[in-house]
Amino acid sequence: MANLKRWVLRRRPTGEIQPGDLELVEEQVRDLADGEVLVRTLYLSLDPTNRIWMSDQDQYMPPVQIGDTMRGGSIGVVERSRSDRFKQGDVVNTGLGGWTSHVIANGGMLMPTPQLPGVPLTAYMSVLGATGLTAWFGMCDIGKPQAGETVVVSAAAGAVGSIAGQIAKLKGARVIGIAGGKAKCDWLTGELGFDGAIDYKSEDVGAALDRLCPNGIDVNFENVGGDIMDAVFNRMNNYSRMPLCGMISTYNDDSRPSGPTDFSRTLMHRITIRGFIVTDFLPRAGEAMAELIPWVMEGKLKWKVHVDQGLEGAMESLQRLFTGAHDGKLLIQVSPEP
Ligand SMILES: NC(=O)c1ccc[n+]([C@@H]2O[C@H](COP(=O)([O-])OP(=O)(O)OC[C@H]3O[C@@H](n4cnc5c(N)ncnc54)[C@H](OP(=O)(O)O)[C@@H]3O)[C@@H](O)[C@H]2O)c1
C-alpha cells in the first residue's frame, strides 16, 4: 500500500503563495474503523477560493487552520471499505476531501459520482460539478437574463465564466465576455457563440464596453472585482442585476478590496447586487442539473478542463488561476482513473 501524501498549511501567505506556506508530508495509511472508507484521490479541484481559505480573514467558512490538510474538492475511487454504502472500485465525490492522495472518511460523508454515458469523469469536477452549479445559480437565480438583454461576464473564458456566458446565450441574451488574451477571446466568440469579447490585457475595457454594449448592461456576472468590475458597473442599466460570484483580482491583496467607485449608482439605477456562494444552493442542485445535463448531452454546452499531473505540483498549479496560465477548469490528476 502506497503512503498517503497530503499538503499541510504551515504559514498564512502574504500576497502570492510562497514556497514554505504549504508543506507536502507523507505518512502511512491508517487502518479503517467500522463504517469508514479509504478513497484514492483521482482528481483534485483547484479553485480561486483556495487562496481565501488560506487567509485568516472574514469569509464564508472558517479558514484552514495552520497544521491542517489544505482544503479542496475531489473525486476518487474506493480502495477499501468497511461501509455498507460503498465497495472497492466505486467512484465517489469526497466533498472537501482535501489536497491529499487518499481520503479516509465515514461512508455516510461520501456521495457516489454519477456516470452518464460518454461523459468523462472530469465533467463532474467542472460543468456537472460545483462549477456548473455556480454558473447556473448565479445566472438563472440572480442574473435572470431576459431575451434580448445584454449580459457581461468577467473571467469569461474561465471555468465558471464560460458556462455562465453560454447559459445566458441559451436564455436568449446578448453576451459579452471579458478575458485575458486573444486566444481566449477568440474561443468565446468563435466556439462558444458569445456576441463579443474584450481582451482586458490589451484593450481599454470601458471603451470596448461602450462599443459592444450601446444599450447599457442588464446583467453583470462578476468574477473579477477591481477596475474591471468598476468599468462594467458604471454602465449598468436601470433595474439591472449583478450576481457577485467572485473578486479574484483581490484574493492575493492583503489590503481591503474596494467596491464600485460610485456606489450611489446602485440607488439611482435600482441595481440589485447579490453575493452568493454555491454551497448555499446545494439543496437545490437538482433544479440546475435538470437543465445542465440535457445541455451537456445535446452538445449545447461546451467546457474545457486543464489537467496538471501529480499532487506534488499543486502549489505551483494553483498560481495558474491568478496568471491565467490555464485553459478551462483547473484540476490535478492525483492518480490514474480505474
Ligand atoms: N461564489 C461561488 O460559489 C464561486 C464558486 C466558484 C468560483 N467562484 C469565483 O468565480 C471566479 C472564477 O473562478 P473559476 O474557478 O471559474 O476560475 P477560472 O475563471 O477558471 O480562473 C480564474 C481566471 O480569473 C482571471 N483572473 C485572475 N486574476 C485576474 C485579474 N487580476 N484581473 C482579471 N482577471 C483575472 C484569469 O482569466 P484570464 O486568463 O482571462 O485573465 C483566470 O484564468 C473567481 O472569482 C472565483 O472565486 C465563485
Side-chain angles (χ1 to χ4, degrees), residues 48 135 138-140 142-251 253 257-276 302 322-324:
M139 192 55 85
C140 299
I142 303 171
K144 296 190 172 78
Q146 306 299 304
E149 284 192 328
T150 299
V151 174
V152 173
V153 181
S154 52
V160 172
S162 60
I163 307 292
Q166 291 180 84
I167 291 173
K169 281 301 297 175
L170 285 160
K171 300 286 177 186
R174 276 189 78 242
V175 180
I176 308 300
I178 304 174
K182 184 173 182 318
K184 289 188 178 184
C185 288
D186 286 351
W187 182 61
L188 295 178
T189 51
E191 282 193 49
L192 301 192
F194 281 43
D195 299 279
I198 300 168
D199 174 4
Y200 74 89
K201 289 187 173 166
S202 70
E203 286 180 80
D204 178 320
V205 174
L209 287 169
D210 287 339
R211 178 168 45 82
L212 291 167
C213 309
N215 300 321
I217 295 162
D218 301 297
V219 178
N220 170 25
F221 193 102
E222 184 56 57
N223 280 323
V224 168
D227 293 344
I228 291 177
M229 176 174 77
D230 211 36
V232 180
F233 187 77
N234 286 336
R235 290 161 178 82
M236 289 180 73
N237 288 332
N238 288 348
Y239 308 108
S240 55
R241 288 82 63 199
M242 178 166 139
L244 179 52
C245 177
M247 301 179 74
I248 192 168
S249 69
T250 67
Y251 297 170
D253 185 352
S258 61
T261 45
D262 183 3
F263 192 62
S264 70
R265 285 184 56 84
T266 315
L267 172 66
M268 303 310 167
H269 294 278
R270 288 81 98 202
I271 299 171
T272 301
I273 303 175
R274 182 171 164 199
F276 72 101
K302 296 180 181 162
F322 300 95
T323 60

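The structure presented is a predicted model; accordingly, all values stated were derived computationally and were not measured.
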At what distance, to the nearest 0.5 angstrom, does CG of Leu244 lie from CZ of Phe233?
11.0 Å
Trace of the side chain to side chain contact (heavy atoms under 4.5 Å, CB included) decision for Val232 with Ile178:
CA-CA 10 Å; Val232 180; Ile178 304 174; 3.8 Å; yes
Do Val153 and Asn223 have side-chain heavy atoms sitting under 4.5 Å apart?
yes
Answer yes or no: is there a donor N or O on one side and an acceptor on the other, between the side chain of Glu191 and the main chain of Trp187, under 3.5 Å?
no
Separation of Thr266 OG1 from Ile273 CD1 (nearest 0.5 Å)
4.0 Å
For residues Phe221 and Val175, determine if any side-chain heavy atom of one lies less than 4.5 Å from a side-chain heavy atom of the other.
no
Heavy-atom side-chain contact between Arg265 and Asn234 under 4.5 Å:
yes
Less than 4.5 Å apart, any side-chain heavy atom of Ser240 and any of Asn220?
no
Assess whether a salt bridge exists between Lys169 and Asp195, defined as any Lys/Arg side-chain N lying under 4.0 Å from an Asp/Glu carboxylate O.
yes
Distance-minimising heavy-atom pair for Leu188 and Ala156:
CD2-O, 3.4 Å
Walk me through whether Met229 and Met247 qualify under side chain to side chain contact (heavy atoms under 4.5 Å, CB included).
CA-CA 9 Å; Met229 176 174 77; Met247 301 179 74; 4.1 Å; yes
Can you measure from NE2 (His269) to CD1 (Ile217) and round to the nearest 0.5 angstrom?
12.0 Å
To the nearest 0.5 Å, what is the distance between NZ (Lys144) and CZ (Arg241)?
8.5 Å
As an exercise, state the distance from NZ of Lys302 to CD1 of Ile163, rounded to the nearest 0.5 Å.
11.5 Å
Is the number of heavy atoms from other residues, nucleotides or ligands under 6.0 Å of Asp262 CG greater than 12?
yes
Do side-chain atoms of Lys184 reach the backbone of Gly324 as a donor and acceptor pair under 3.5 angstrom?
yes
For a 4.5 angstrom cut-off between non-hydrogen side-chain atoms, does Val151 reach Met139?
yes
On a heavy-atom basis, which atom in Ala197 and which in Glu203 lie closest, and how many Å separate them?
O-OE2, 4.1 Å
Atom NZ of Lys201: over 12 foreign heavy atoms under 6.0 Å:
yes
In short, Val205 meets Ala231 closest at the heavy-atom pair CG1-CB, 4.0 Å
How close do Ile176 and Phe194 get, counting heavy atoms only, and between which atoms?
C-CD2, 4.2 Å
Verdict with reasoning, Ile167 to Cys140, per side chain to side chain contact (heavy atoms under 4.5 Å, CB included)
CA-CA 8 Å; Ile167 291 173; Cys140 299; 3.6 Å; yes
Which pairs with one or both residues in residues 150-160 pass side-chain hydrogen bond (donor to acceptor under 3.5 Å, both in side chains), sequence neighbours excluded?
Ser154-Glu222
Looking at every non-hydrogen atom in both residues, tell me the closest pair between Asn237 and Ile271 and how far apart they are.
O-CG1, 4.1 Å
If we ignore hydrogens and angles and just use 3.5 Å, is the side chain of Asp230 paired with the main-chain N or O of Pro260 as donor and acceptor?
no
Identify the heavy atoms of Pro145 and Ala173 that sit nearest to each other, and give their distance.
CB-CB, 4.1 Å
Look at Asp210 together with Arg235 and state whether they make a salt bridge at an N to O cut-off of under 4.0 Å.
yes
Say whether, by atom type as modelled, one donor and one acceptor occur between the side chain of Ser249 and the main chain of Val224 under 3.5 angstrom.
yes
